[in-house]
Amino acid sequence: MASHTIRVTLPDGTELELPRHATAAEAAKRIGPGLAKAALAAEVDGEIVDLTRPLEADCDLRILTERDSEALELLRHSAAHVLATAVRNRVPGAEIGFGPAIEDGFYYDFGVEEPFTPEDLEAFEEEVRRVIEADHPFERRRVTKEEARELFHDDPLKLERLEEFEDDEVITVYRDGPFLDLCRGPHVPSTGRVRNVKLLSAAGAYWRGDERRQMLQRIYGTAFFKEKELEEHLERLEEAKKRDHRVLGQELDLFAVDQRVGPGFILWRPHGSLIRNEIEEYEKELILRHGYEIVYTPHIMSERLFEISGHLENFGEDMFGAMDMKGVRYRAKPMNCPGHICIYQAAQRSHRELPIRYAEFGTVYRYERTGVLHGMLRVRGFTQDDAHVFCTEEQVPGEIEALLDLVDEMLQVFGYPYTLTVATRPEKALGSEEQWARAEHALKSVLEGRGIDYDVDEGGGAFYGPKLDFQLIDAIGRKWQGPTVQLDFNLPERFEIEYVGEDNERHRPVMLHRVLIGSMERFVGGLIEHYAGAFPLWLAPVQVRILPISEQWLEDAREFVQELRDLGIRAELKARETLSYRIRDGEVRKVPYMGVIGEREVEGGTVAVRRRGAGKKQEVMDREAFVERLLEEIRTRALG
RNA sequence: GCUCCGGUAGCUCAGUGGUAGAGCGCUUCCUUGGUAAGGAAGAGGUCGAGGGUUCAAUUCCCUCCCGGAGCUCCA
C-alpha cells in the first residue's frame, strides 16, 4: 500500500516528509527560500533531473545550484537549446542536429542553405539575449515514438535519430517557448537562468560525424554562471592565441614551412634548430644514463620490410608512395621499428643480453590528409625520439618502472605536470586474452605499487598491445599528448624474433615501443606555446646579448662576448642602434639576459645585467659572478 | 578528403575594373647613446598560379596550389 507521503533524505542526513509526487522544486522550497531561488536542478538517487520532476518514492535528494560542479554542464546544455531557439527564430527553416555541452562550452549543429557568417553570429547572439530575457520555462514531456514522429515531422535530422529508439523506450522532448527539441535533459528551470553566453565560431561539421553524410553548420559557444568567469575564459583564449607557435615561430625566427618544399614539412631555422639540438643533446645524455644504445636506420627502405611488418597492409594509405628503382620498390619509413628489429636480429640473442634498448632520433614520413596539417603540431615529416625495448615478459614491470623514472625526470626539466592513462584491450586485438591480461596487470600494478593515480581508457589500446600514455599539462592548463609506452604482441611474431633462454630453448621476446618527446616537431611546437616563446636559459637560442653603450666600449664588449662564447655560452654583441632600441629588441626577442657595458662597467670590470621581463630592475655584477650565474643556470637547466 | 574564409613588399596588413599603399624590417647617411622604438633618404611587388569575361583584371568568373577555422582521421 503506497502511503501519501514520502521520505526524502538530504545530503546532510536530515529527512523531509513530502507529499508523494511533490517536485524537487517543492522540496527545495521546504529546505529554504534561498535555496529554492538558487536551485537549478536536483540529484535524485544519483541521477540528475529537472526541478519539476515529481518525487515518486523515498529517495536521496540533493539540490544543485551554480556552486555544484555538475551545474555548469547543465547551464551549457541549456545554452545550446537557447542558441537553437535563437537560430530558429531568425532562420525558421534551419534543420536541427545535435547540441551538447562540451568541455569548454557547447555547440549546436544546424542544417541550413547558406553557411553562417560572422555577422550571423552577432545577430544570433543578440537573439540569444532576447530568448534569455523572455525567460521561457524548459518543459519536459514524455512522449511515445508515434507522438514524437508527429512533433518532429518537419525536422528530418531529429526523425532519423528518433528511428534509433526502441518502440517502448522512454522518449523525452523539451520545449522552451517556440522551440521543441528531442532531448534527454535535464535542463535549468528556464531560459532566464542561462547567462553569460558567448558565441565563438562557426564551421562545417558532418551530420553524426560521418564524412559521407550531409555537412551541417556548427556554432560553438560557451557560457558561465559568472560574468567574470566568462571574461577570464575569453582572456585565456586570447592568451592561447598569443602563444600560437605558428605566430611565435615566425616572430622569433624558429621555423617555417615553404610552399616550395611542400605542405607539412618543417624548415628549422637556426634558432629553432638550436633549441631542438639542445633537447636532443639532453635526451641523449639522459637515455645513455638509463641504459639505452643509440642507433641509426635509413629513411628509405625496401618495401618488402613493410610487408613483413604489416605496415603496408594496415597503414599503407598513410605512407608515401613507392619509389621504383630498377624493379625494386622502396618506401620512406613511416615508423622506426622495422629497422630496429633488423638490428636486433643481426645476431642470435641470449637472455643474458636482455633487455636490449635501441633508441633513435628517427625521421619518419606519413602522408597525413591535407586538412589535418597544422604548424609544427601535425606534419608529414617528423623526427621521433623513438626507442624499442626487447625483453622477457618477466622484465616488463622493471622496464615500466625505469621508464616512469625517466619520464618523470624529463618532464620536470621542461616544467610539465602530467597525468597517466592505461589503455586496454580493444574489441579486435591480436594475442591471447591471458597475454593481454598479464600485460595490463603488469602496467597497472607498477603504477599502483608506486601509488600513482591513473585513468583507464577501456578498449583504447592498439590492436597489437596495451598502452601507457602520459598527458602533459602546459602553462595555461591545456593537455598535450606526452610520452607513450606501448607493448607489442604483433611485430615479434611477424618478424619471428627470438632469444635463447636459460633452458637453451628459443623464446619470443616482448617488445616495447616508447617515445618520450614524441615528435621533435610537435614537442618544440608545444614548448613554444608552453613557454610563450620565452625559453629557459639552457634552451634559449641566444642566451646573452651584450650591449655597449657607445662605440667607445665596443672593444671591451667584444672581448667579453668572446669570453662567454669560449665557455659555451651563446652570447651576441648588439652595438648598432640606440640603447633603448636594443633593450626593446632584446625583450621582444625574449633574450634571457642582456648585459650593458659603459664607462662605469669597463672601469670596474662589471656588467649591468638585465633579466628578461624584469623591467628596469638591473643588477651591476662582477663579470665573473655573472658568468658563474649563467653557467649554473644552464648546467641545472633551471626553468627561470 | 569535406564545408566555409583567406592569399597584395622579408613580416603584419590596408586598398582599387584604368600605371599599387602603410607600419615594421633591410641598405646608406646623420646621431655616440645609461635601460621597451633618435632622425633622414633609399631599395624592395608578375597583387599565389593558370584560364576566361572586358577596350582594360590585382579587383569579376572558373580551375588548381597554399594557408586558416572546424569536421573526419592520427595505425
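Remember, predicted model here, so these are calculated numbers, not experimental data. Just so it is clear: chains get the letters A, B, ... in the order the sequence lines come, proteins before strands, and each one is counted from 1.
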Inset, instruction - Would you indicate, yes or no, if B/A69 has its OP1 or OP2 atom less than 4.0 angstrom from a side-chain nitrogen or oxygen of A/R246? - result: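 For B/A69, OP1 or OP2 has a side-chain N or O of A/R246 closer than 4.0 Å.
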Legend entry - Parallel, tilted or perpendicular: ring planes of A/H245 versus A/H374, cut at 30 and 60 degrees: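 Tilted.
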What's [X] touching, base or sugar-phosphate or nothing? Going by heavy atoms closer than 4.0 Å.
{"X": "A/R212", "result": "nothing"}
{"X": "A/M594", "result": "nothing"}
{"X": "A/H374", "result": "sugar-phosphate"}

Would you mind reading off the distance between [X] atom [atom1] and [N] atom [atom2], rounded to a whole angstrom?
{"X": "A/Q250", "N": "B/A9", "atom1": "CD", "atom2": "P", "answer": "13 Å"}
{"X": "A/L121", "N": "B/G70", "atom1": "CG", "atom2": "P", "answer": "13 Å"}
{"X": "A/L252", "N": "B/G25", "atom1": "CG", "atom2": "P", "answer": "16 Å"}
{"X": "A/D258", "N": "B/G67", "atom1": "CG", "atom2": "P", "answer": "11 Å"}
{"X": "A/L373", "N": "B/U72", "atom1": "CG", "atom2": "C1'", "answer": "14 Å"}
{"X": "A/E587", "N": "B/A36", "atom1": "CD", "atom2": "C1'", "answer": "7 Å"}
{"X": "A/R260", "N": "B/A49", "atom1": "CZ", "atom2": "C1'", "answer": "15 Å"}
{"X": "A/L237", "N": "B/G70", "atom1": "CG", "atom2": "P", "answer": "10 Å"}

Value rounded to 0.5 Å, distance of [atom1] in [X] from [atom2] in [Y]:
{"X": "A/K241", "Y": "A/R236", "atom1": "NZ", "atom2": "CZ", "result": "15.5 Å"}
{"X": "A/I96", "Y": "A/H81", "atom1": "CD1", "atom2": "NE2", "result": "8.5 Å"}
{"X": "A/N490", "Y": "A/M511", "atom1": "CG", "atom2": "CE", "result": "9.5 Å"}

Legend entry - Set of side chain to side chain contact (heavy atoms under 4.5 Å, CB included) partners for A/P115, sequence neighbours left out: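 Residues passing side chain to side chain contact (heavy atoms under 4.5 Å, CB included) with A/P115: A/Q217.
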Legend entry - Heavy-atom protein contacts under 4.0 Å, nucleotides 28-35 of chain B, coded B base, S sugar-phosphate only, - none: ----BBBB
Please give the distance between the [atom1] atoms of [N] and [M] as a whole number of Å.
{"N": "B/G21", "M": "B/A9", "atom1": "P", "answer": "14 Å"}
{"N": "B/C30", "M": "B/U35", "atom1": "P", "answer": "25 Å"}
{"N": "B/A56", "M": "B/G42", "atom1": "P", "answer": "36 Å"}
{"N": "B/A43", "M": "B/U28", "atom1": "C1'", "answer": "10 Å"}
{"N": "B/C13", "M": "B/U8", "atom1": "C1'", "answer": "9 Å"}
{"N": "B/G7", "M": "B/U59", "atom1": "P", "answer": "11 Å"}
{"N": "B/U46", "M": "B/A20", "atom1": "P", "answer": "12 Å"}
{"N": "B/U3", "M": "B/C24", "atom1": "P", "answer": "42 Å"}

Legend entry - Row check, A/Y108 ring normal vs A/R218 NZ/CZ: under 6.0 Å, within 45°: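 Verdict for A/Y108: no cation-pi partner in A/R218.
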Legend entry - Cationic tip of A/R76 above A/F224 ring, under 6.0 Å, 45° of axis: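 Pair A/R76/A/F224 counts as cation-pi.
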Legend entry - A/G262 vs A/M335, nearer the 5' end of RNA chain B by closest nucleotide: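 Closer to the 5' end of RNA chain B: A/G262.
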Please list, pair by pair, any protein nitrogen or oxygen found under 3.5 Å from a nitrogen or oxygen in nucleotides 1-8 of chain B.
from	atom 1	to	atom 2	distance (Å)
B/G1	OP2	A/T370	OG1	2.7
B/G1	N9	A/R369	NH2	3.4
B/G1	N7	A/G371	N	3.4
B/G1	N2	A/Y206	OH	2.5
B/G1	N3	A/R369	NH2	3.1
B/C2	O4'	A/Y206	OH	3.3
B/C2	N1	A/Y206	OH	3.3
B/C2	O2	A/Y206	OH	2.9
B/U3	O2'	A/Q217	NE2	3.4

Inset, instruction - Could you summarise the pairing of RNA chain B as dot-bracket text, marking Watson-Crick and G-U pairs under 3.5 Å with ( ) or [ ] inside the strand and | across strands? - result: (((((((..((((....[..)))).(((((.......))))).....(((((..]....))))))))))))....
Inset, instruction - Report, as yes or no, whether the 6.0 Å neighbourhood of atom CD on A/E164 holds more than 12 heavy atoms from other residues, nucleotides or ligands. - result: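 Yes.
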Inset, instruction - For A/E368, look at atom CD and say whether over 12 heavy atoms of other residues, nucleotides or ligands are found less than 6.0 Å away. - result: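 Yes, because the 6.0 Å sphere around CD of A/E368 holds more than 12 heavy atoms from other groups.
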Inset, instruction - Could you please name the option among B/G67, B/C71, B/G38 that lies closest to any side-chain atom of A/P263? - result: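 Nearest nucleotide to the side chain: B/G67.
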Legend entry - A/R582 side-chain N/O to A/P548 backbone N/O, donor-acceptor pair under 3.5 Å: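 Yes, the answer is positive, given that a donor and an acceptor are paired below the 3.5 Å cut-off.
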Legend entry - Donor-acceptor pair between A/E601 and A/T606 side chains, under 3.5 angstrom: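 No, no side-chain donor-acceptor contact under 3.5 Å.
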Inset, instruction - Using the ring-ring contact (aromatic ring centres under 6.0 Å, His included) rule, collect all pairs that involve residues 604-624 of chain A, keeping only residues at least two apart or in two chains. - result: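 Found none.
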Inset, instruction - Just grab all the ring-ring contact (aromatic ring centres under 6.0 Å, His included) pairs involving residues 297-320 of chain A, residues at least two apart or on different chains. - result: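 Checked against ring-ring contact (aromatic ring centres under 6.0 Å, His included) - neighbours excluded - the pairs reaching residues 297-320 of chain A are A/F320-A/Y367.
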